[in-house]
2 protein chains.
Amino acid sequence: MGTYHQYCATARTLDLIGERWTLLIIRELLTGPRRFGDFQQSLRGLGTGLLAARLKHLEQEGLVHKVTLPAPARTPAYALTEAGEELAPAVLALARWGMKWALGERRDGELFHPGWAVLGLRACFNAEAAEGVRATYEFRVDGEVFHARVSDGAIDTVHGPAQYPDAVIETDSDTFLKVSAGKVQLADQIHEGAVTATGDPATIARLQSLFRLPTPRSRIPQ
Amino acid sequence: MGTYHQYCATARTLDLIGERWTLLIIRELLTGPRRFGDFQQSLRGLGTGLLAARLKHLEQEGLVHKVTLPAPARTPAYALTEAGEELAPAVLALARWGMKWALGERRDGELFHPGWAVLGLRACFNAEAAEGVRATYEFRVDGEVFHARVSDGAIDTVHGPAQYPDAVIETDSDTFLKVSAGKVQLADQIHEGAVTATGDPATIARLQSLFRLPTPRSRIPQ
DNA sequence: CGGCATCCATTTTGATACTG
DNA sequence: CAGTATCAAAATGGATGCCG
């Protein structure tokens with residue numbers, strides 16, 4: 001359909017990343033490099049042809065570049081460039097809005113990946129509350145592993161295990177969602193056995209205080 | 001095309017406002033209510049049918065509501081609801097990214113409206129630099145009138161004239177763009193007669209210091 | 001002028017089969 | 001697995017024309 005033909009920063013941005021699926025591809029990459037198949041697993045409904053086209057476009061436009069992961073995986077992967085990485089504030093702003101005005105309850109047939117909630121944590125990160133805090137949390141949710149590095153007012157959330165985690169949080173998707181949404185307290189879930197937490201107790205106890213969750217609201221009058 | 005069927009704040013947001021033109025409709029409304037015809041003038045390429053459909057969708061979803069403007073205009077208009085208004089941080093984040101990574105020079109055939117640059121100012125507003133500042137600026141650019149109310153670290157940019165402007169800046173699109181982009185100094189343009197500024201001299205002199213423009217970068221390697 | 005309905009050429013998409 | 005090829009269904013864009 002082409003561009004909007006407007007000399008406007010917003011319109012030009014949407015010319016680049018406004019097409020269907022594009023911003024979700026970038027969301028995936030915000031927690032680290034992904035292979036072709038990873039996208040297919042996270043983005044149900046996105047066909048291989050369109051995925052290949054989107055990746056090629058993002059590569060041409062300098063938002064994504066191909067990388068070869070170390071270790072066992074010999075298959076190519078995709079990662080964000082500096083320009084792509086800097087879309088994070090925009091994506092997180094959309095996520096914050098969604099948490100407040102659009103998320104609500106999980107609907108029938110909706111896919112869920114723990115990585116999305118981890119990105120949600122980043123969106124809710126409270127820099128002031130994290131002042132002076134330096135800790136690495138590893139999350140293991142239904143087999144998916146993520147970690148968050150909190151370092152004096154900044155947070156980074158990445159796919160994969162941490163090298164030296166100060167605390168490891170292990171649970172299932174359901175419980176992780178309920179804790180992330182603030183519906184239940186982490187400490188209670190640990191006590192009930194729904195969450196296994198190992199590592200420094202003070203670090204674990206501080207975890208929930210690092211985030212300020214938005215209060216969900218209804219968009220529809222009354 | 002339907003939703004993404006993902007339980008994720010970003011995906012849910014895109015379900016609502018991710019379709020073509022939708023975010024640009026919201027961008028227009030971020031500087032005040034608009035009538036049907038206003039959109040048609042700003043959003044070239046968007047047909048009446050699609051525009052009507054988008055507006056109806058946004059209304060149903062509680063992001064936009066119909067209003068009847070006072071005074072002479074008896075025709076209906078559209079305005080953002082609270083939920084719609086709160087999309088501003090996301091739109092401004094996209095705009096900031098675009099200013100740095102996507103805007104560059106104006107291309108052939110690209111439309112431009114002064115209101116977009118005014119919104120750009122809001123995106124570049126430097127709250128720290130504006131601490132303690134309280135002033136209303138009115139901009140008249142090629143017949144379009146906007147005003148910005150700066151009030152102690154916050155800014156609001158609205159379509160239409162200001163009631164009690166402390167300063168009035170009048171110029172043409174070209175000059176306004178060059179000043180907004182930081183390519184030329186406001187004071188110089190006033191001196192050269194390309195800009196007419198009336199009102200409190202100190203307020204006028206402070207104007208450019210209230211914004212921190214991003215340095216444009218190239219996305220494509222070297 | 002606002003706003004909807006209709007028709008049609010062109011793109012985009014979704015889904016699947018297929019190749020290296 | 002990564003990525004291409006193919007095809008049916010849907011969305012877009014543009015040009016109307018119509019009604020209040």
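Order of the sequence lines sets the chain letters (A, B, ...), proteins ahead of strands, with each chain counted from 1.
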Residue from B:E61, B:E82, B:E86 passing side-chain hydrogen bond (donor to acceptor under 3.5 Å, both in side chains) with A:R219: B:E61
Spell out, as yes or no, whether a donor-acceptor pair under 3.5 Å connects the side chain of [X] to the backbone of [Y].
{"X": "B:T13", "Y": "A:L94", "value": "yes"}
{"X": "A:W97", "Y": "B:A83", "value": "yes"}
{"X": "B:E170", "Y": "B:T196", "value": "no"}
{"X": "A:T22", "Y": "A:G18", "value": "no"}

Pair A:Y4-B:L43, side chain to side chain contact (heavy atoms under 4.5 Å, CB included): steps then yes or no: CA-CA 8 Å; A:Y4 288 110; B:L43 305 177; over 6 Å; no
Rounded to the nearest angstrom, tell me the gap between atom [atom1] in [X] and atom [atom2] in [N].
{"X": "B:F36", "N": "C:dC4", "atom1": "CZ", "atom2": "C1'", "result": "9 Å"}
{"X": "B:L50", "N": "C:dT11", "atom1": "CG", "atom2": "P", "result": "17 Å"}
{"X": "A:L46", "N": "D:dA2", "atom1": "CG", "atom2": "C1'", "result": "14 Å"}
{"X": "B:L43", "N": "D:dG14", "atom1": "CG", "atom2": "P", "result": "13 Å"}
{"X": "B:R34", "N": "C:dG2", "atom1": "CZ", "atom2": "P", "result": "13 Å"}
{"X": "B:F39", "N": "C:dC4", "atom1": "CZ", "atom2": "C1'", "result": "17 Å"}
{"X": "B:Q40", "N": "C:dC4", "atom1": "CD", "atom2": "P", "result": "12 Å"}
{"X": "B:Y78", "N": "C:dG2", "atom1": "OH", "atom2": "C1'", "result": "8 Å"}

Validation row: B:H65, B:V67 side chains within 4.5 angstrom (heavy atoms): yes
Comparing A:R44 and B:G37 on DNA chain C - which has the more 5′ nearest nucleotide: B:G37
Any side-chain donor near an acceptor of the partner, B:E28 and B:S42, under 3.5 Å: yes
Closest contact, heavy atoms only, A:E144 versus A:P114: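 Answer, listing the atom of A:E144 first, then A:P114: OE2-CD, 3.2 Å.
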Closest non-hydrogen atom pair, A:R96 against A:P214: O-CG, 4.3 Å
Members of residues 17-28 of chain B that approach DNA chain C, where some heavy atom sits under 4.0 Å away: none
Sub-4.0 Å heavy-atom contacts from residues 56-66 of chain B onto DNA chain C, ordered by number: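 The stretch gives B:K56, B:K66 as the residues lying under 4.0 Å from the strand, ordered by number.
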Sole residue of B:F146, B:W116, B:F139 in ring pair (Phe, Tyr, Trp, His ring centres under 6.0 Å) with B:H159: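 Testing B:H159 for a ring pair (Phe, Tyr, Trp, His ring centres under 6.0 Å) against B:F146, B:W116, B:F139 leaves exactly one candidate, B:F146.
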Short side-chain N/O contact from A:R54 to OP1 or OP2 of C:dT13, under 4.0 Å: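 A:R54 to C:dT13 OP1/OP2: side-chain N or O found under 4.0 Å.
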N/O (side chain, B:Y4) to phosphate O (OP1/OP2, C:dG14) under 4.0 Å: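 No, no such contact exists.
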What protein N or O atoms touch nucleotides 16-19 of chain C N or O atoms at under 3.5 angstrom, if any, and at what distances?
| from | atom 1 | to | atom 2 | distance (Å) |
| --- | --- | --- | --- | --- |
| C:dT16 | O4 | A:T48 | OG1 | 3.3 |

Given D:dA11, D:dA2, C:dC4, the nucleotide with the shortest approach to the side chain of A:P76: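 Closest of the options to the side chain of A:P76: D:dA2.
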Side chain of B:M1 - closest among D:dA2, D:dA11, D:dG3: D:dA11
Separation of B:T198 OG1 from B:I169 CD1 (nearest 0.5 Å):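 Reported value, rounded in 0.5 Å steps: 7.5 Å.
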